[in-house]
**Student:** 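Take a look at the following structure, please.
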Amino acid sequence: MSRYQHEHRRSLTDPEAFWAEQAQHLHWYRRWDRVLDQTTAPMCRWFAGAQFNTCYNALDRHVEDGRGDQAALIYDSPVTGTVRTYSYRELRDAVAGFAGALRAQGVKPGDRVIVYMPMVPEATIAMLACARLGAIHSVVFGGFAAPELAKRIDDAKPVLAVSASCGIEPGRTIAYKPLLDQAIELSAHKPARCIVLQRPQVKADLVAGRDLDWHEAMASAQPADCVAVAATDPLYVLYTSGTTGKPKGVVRDHGGHAVALHYSMRAVYNVKPGEVFWAASDVGWVVGHSYIVYAPLLLGCTTIMYEGKPVGTPDAGAFWRVIAQHRVSTFFTAPTAFRAIKKEDPRGELLKQYDVSGLRTLYLAGERSDPDTIAWAQDMLKVPVVDHWWQTELGWPAIANCQGIEPMPVKPGSSTVPVPGFDLQSLDAEGRPMGRGEIGNLALKLPLPPGALLTMWNNEQGYRENYLERYPGYYLTGDAGYIDEDGYAWIMSRIDDIINVAGHRLSTGAMEEVLAGHPDVAECAVIGVADQMKGQLPLGLVVLKSGVERSQAEIQKELVARVREQIGAVAAFKTVLIVPRLPKTRSGKVLRATMRAIADGQPYNPPATIDDPRILDEIEAALKARP
Ligand SMILES: CCC(=O)SCCNC(=O)CCNC(=O)[C@H](O)C(C)(C)COP(=O)(O)OP(=O)(O)OC[C@H]1O[C@@H](n2cnc3c(N)ncnc32)[C@H](O)[C@@H]1OP(=O)(O)O
């Protein structure tokens, strides 16, 4: 049996012993009574009875162990021309100070705090400060518009919001504070306080009696110590797109999450304390939570917060500059970033200007890694390129080529094998295991390992319905795929209407809700069509109400603007086609998959139950004529 097989099997046959061993690497105020508590199955709790604090383990523990002067966080911001390093001691002190500022505003353990910030170190400080107090942070990606932020405020009911005056996108600033103000106006729940980081590029107006300046709040704060909380208490709620417009609040705990992330740094990423680990993502996504903030700090690495893009800040050599300048050993990004670099600098001329010899491995995730991009990255960097697969819900990689256990041969297109802790199966419609190589619904046998979601915030029934009820005893991933004769997993497609645009997971259902709200729209569908750069792009198909005689171009423009205003720029929604009818089955189900196949130039078989096959010709003509 290989080392990987041994470790994987042990994690499944004796999970309590396996995870107890991993937990020894962290500090517990009180040891657990049970490693795995299944009394509330199918939900489970890890390290029940233990007392823990994630911030203590990520910062104070390292300072006490002699890492105080080591760089904990490097803020590298080409858009502001800043590089700033925080040692572990400096970061701990800043976090303790901000935790004190939060406490002074009445934030208590269990309270929720919304963090709506760009990629500045204060975002990490705010997250860790919440963890320090036992408060629950809920970070919202800056590319979401005010109505999306309002939905999250109404669900999480935060006592306080932390924001900044602006974010900086290439060539423009984005005023965040007016978006926060608008969201609070839209939401039924109102946070009592907002703490705002004033950036020199844009000055935000503060609402008297509600808003505080970050620096003033810090200046008068008494540093706060870590609060021992139940290991099973929530650390954060992170919202992710569901199939409707209502986002799902993934809840993660303190203890199990820290144990899993710490383990993943060794087993999946093969990183050692003191090394520089860079995940080029955003703290608003799970990659940012897990691999910009928590995992590198839990292990005692240096992490990088990069406020820039792969191209245009200033050029397609930006990533190589960061890797060389900070001696990055392990780099993680989304394939779309590499596609952008490849387009600008296909022969890697800019790479030649930098010494990236410190780089050991590149990891790709967030969307499907196409074999061309993997081959190009390998050819340029001359290091192993590891595609791996996971989800917001899971919190850490579920399928990977575990470099810290046993590197395995790469099969381009496969994310390799299930990571220890994850029992992956491909199931047929009745829940029977599919044969090797047969495509089915990918599911994970319960219990999920530590670090995976505990439930959905305020919506345990939603958690059961969305993930647990389709196959009792399993978690439904929402992806279809297969496991081959060597045990390699192949992810093929989503089984729902979720699309992936530049590594951003988006709901077409949410976009349809926005389009349907336009007064001239009778019905609509949004589909994800293949795009060379972003992987997929949303495309709207709209039927107008009879009698509407306004200019179609004007309506199209309004619809595009509407999605940008209500969901955000991140949706990258730029194309709407006005069509006379939508294709449907006789029972009225819109044939989105068929339209997607037509748009992508793929062969398709319309279902026998199609109501009127001639409509497909109309759709084909509209798609062919699209700009
Ligand atoms: C494994 C678990 C997971 O999957 S977690 C998710 C992992 N995904 C990722 O890490 C995302 C990877 N993608 C990226 O980082 C970006 O798409 C990269 C590759 C850097 C390209 O960025 P960009 O050129 O801005 O394109 P985009 O499609 O992301 O942006 C679309 C529009 O949104 C805007 N935007 C982006 N970020 C923000 C932000 N923080 N605040 C405000 N606006 C933002 C962009 O400027 C862009 O706007 P516009 O349409 O061009 O006007």
Side-chain angles (χ1 to χ4, degrees), residues 78-79 115-120 123 139-146 148-149 163-164 166-176 179-180 238-241 250 264 268 278-292 305-313 316 318-319 331-344 363-369 373 387-400 415 452 477-479 491 494 498-506 531 533-538 560-561 563-565 567-574:
V79 292
V115 178
Y116 183 60
M117 294 189 96
M119 282 291 288
V120 288
V139 183
V140 179
F141 176 61
F144 281 120
E148 284 294 314
L149 178 57
S163 192
C166 69
I168 301 163
E169 288 294 292
R172 70 188 205 276
T173 54
I174 308 223
Y176 274 42
L179 297 172
L180 175 67
L238 175 60
Y239 288 90
T240 189
S241 301
V250 165
S264 72
V268 178
W278 178 27
S281 182
D282 189 288
V283 286
W285 305 121
V286 71
V287 173
H289 280 60
S290 296
Y291 293 106
I292 296 175
M305 280 194 88
Y306 174 69
E307 190 182 28
K309 304 279 173 183
V311 299
T313 57
F319 277 7
F331 181 40
F332 177 163
T333 191
T336 186
F338 264 76
R339 289 196 293 269
I341 298 171
K342 182 177 158 202
K343 179 164 177 266
E344 296 275 307
Y363 290 85
L364 297 175
E367 54 169 333
R368 183 178 167 268
S369 289
T373 302
D387 176 20
H388 61 326
W389 176 90
W390 48 297
Q391 311 178 307
T392 305
E393 291 86 340
L394 300 177
W396 60 290
I399 307 174
S415 315
T477 67
D479 280 291
I491 307 287
R494 283 295 295 186
I498 296 291
I499 59 171
N500 192 308
V501 179
H504 309 305
R505 172 171 150 175
L506 297 165
D531 179 74
M533 189 58 57
K534 295 193 187 238
Q536 282 186 301
L537 276 177
V560 168
V563 173
R564 196 173 170 98
E565 278 155 22
I567 295 181
V570 65
F573 182 84
K574 305 229 156 109

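What you are looking at is a predicted structure, and each value in this text was computed from that prediction instead of being measured. As the structure lists them, so they are numbered: ligands from 1, and atoms in each ligand from 1. Computed over heavy atoms, backbone and side chain alike; hydrogens, waters and symmetry mates excluded.
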**Student:** Going by distance alone, is a donor N or O of one side chain under 3.5 Å from an acceptor N or O of the other, for Tyr363 and Thr333?
**Tutor:** no
**Student:** Need the ligand 1 atom indices (1-based, order shown) with element for anything under 4.0 Å from a heavy-atom of Thr336.
**Tutor:** 13 (N), 19 (C)
**Student:** Tell me the nearest of His289, His388, Glu307, Glu169 to atom 36 (C) of ligand 1, using heavy-atom distances.
**Tutor:**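 It is Glu169 that holds the nearest heavy atom.
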**Student:** Please work out which of Ser281, Gly395, Gly366, Ala365 has its closest non-hydrogen atom nearest to atom 9 (C) of ligand 1.
**Tutor:**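 Result: the heavy atom closest to atom 9 (C) of ligand 1 is in Ser281.
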**Student:** Under 4.0 Å, heavy atoms only, figure out whether ligand 1 is touched by the backbone of Met117, its side chain, both or neither.
**Tutor:**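 None of Met117 does.
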**Student:** Can an N or O of Ala502 be found at a distance shorter than 3.5 Å from an N or O of ligand 1?
**Tutor:**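 Such a contact does occur with ligand 1.
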**Student:** What I want to find out is whether Glu367 reaches Arg339 closely enough, with some N-O distance under 4.0 Å, to be called a salt bridge.
**Tutor:** yes
**Student:** With a cut-off of 4.0 Å, which atoms of ligand 1 are near a heavy atom of Ala569?
**Tutor:** 31 (C), 32 (C), 33 (O), 34 (C), 48 (O)
**Student:** Of all the atoms in ligand 1, which lie at a distance below 4.0 Å from a heavy atom belonging to Pro310?
**Tutor:**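 With Pro310 as reference, the close atoms of ligand 1 come out as 20 (C).
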**Student:** Numbering the atoms of ligand 1 from 1, which are under 4.0 Å from a heavy atom of Lys534?
**Tutor:** 26 (O), 27 (P), 28 (O)
**Student:** Only heavy atoms count here, so choose which of Asn500, Val287, Thr313 is nearest to atom 5 (S) of ligand 1.
**Tutor:** Val287
**Student:** For Arg505, state whether at least one heavy atom is located under 4.0 Å from any atom of ligand 1.
**Tutor:**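 Per 4.0 Å heavy-atom rule, Arg505 does not contact ligand 1.
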**Student:** Below 3.5 angstrom, do we get any N/O pair linking Trp285 and ligand 1?
**Tutor:**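 Checking ligand 1 against Trp285, no N or O pair falls under 3.5 Å apart.
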**Student:** Can you name the nearest heavy-atom pair linking Met305 to Ile292, along with the distance?
**Tutor:** CG-CG2, 3.8 Å
**Student:** Any side-chain heavy-atom pair from Trp285 and His504 closer than 4.5 angstrom?
**Tutor:**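 A side-chain contact under 4.5 Å exists here.
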**Student:** So does Ala398 get a backbone contact from the side chain of His388, meaning a donor-acceptor N/O pair under 3.5 Å?
**Tutor:** no
**Student:** Does Lys309, backbone or side chain, put an N or O under 3.5 Å from an N or O of ligand 1?
**Tutor:** yes
**Student:** What are the atoms of ligand 1, with element, lying closer than 4.0 Å to any heavy atom of Arg172?
**Tutor:**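 Close to Arg172: 46 (O), 48 (O), 52 (O).
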**Student:** Below 4.0 angstrom from a heavy atom of Ile174, which ligand 1 atoms are there? Numbered from 1 as shown, please.
**Tutor:**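 Ligand 1 atoms under the 4.0 Å threshold to Ile174: 42 (C), 43 (N).
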**Student:** Within the 4.0 Å heavy-atom shell around Trp390, which atoms of ligand 1 are there?
**Tutor:** 1 (C)
**Student:** Quick check on Tyr176 - does any of its heavy atoms sit under 4.0 Å from an atom of ligand 1?
**Tutor:**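 True for this residue.
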**Student:** When you compare the side chain of Leu364 with that of Trp389, does any pair of heavy atoms fall below 4.5 Å?
**Tutor:**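 No. Closest side-chain heavy atoms not under 4.5 Å.
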**Student:** Is Arg564 touching ligand 1 with its side chain, its backbone, both, or neither, if touching means heavy atoms under 4.0 Å apart?
**Tutor:**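 Only the side chain of Arg564 comes within reach of ligand 1.
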**Student:** Is Met119 near ligand 1, meaning one of its heavy atoms is under 4.0 Å from it?
**Tutor:** no
**Student:** Say whether Ala572 and ligand 1 are in contact under the criterion: heavy-atom distance to a ligand atom below 4.0 Å.
**Tutor:**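 It does not; every heavy atom stays at 4.0 Å or beyond.
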**Student:** Which of the numbered atoms in ligand 1 are below 4.0 angstrom from a heavy atom of Phe141?
**Tutor:**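 Counting atoms of ligand 1 from 1, those under 4.0 Å from Phe141 are 37 (N), 38 (C), 40 (N).
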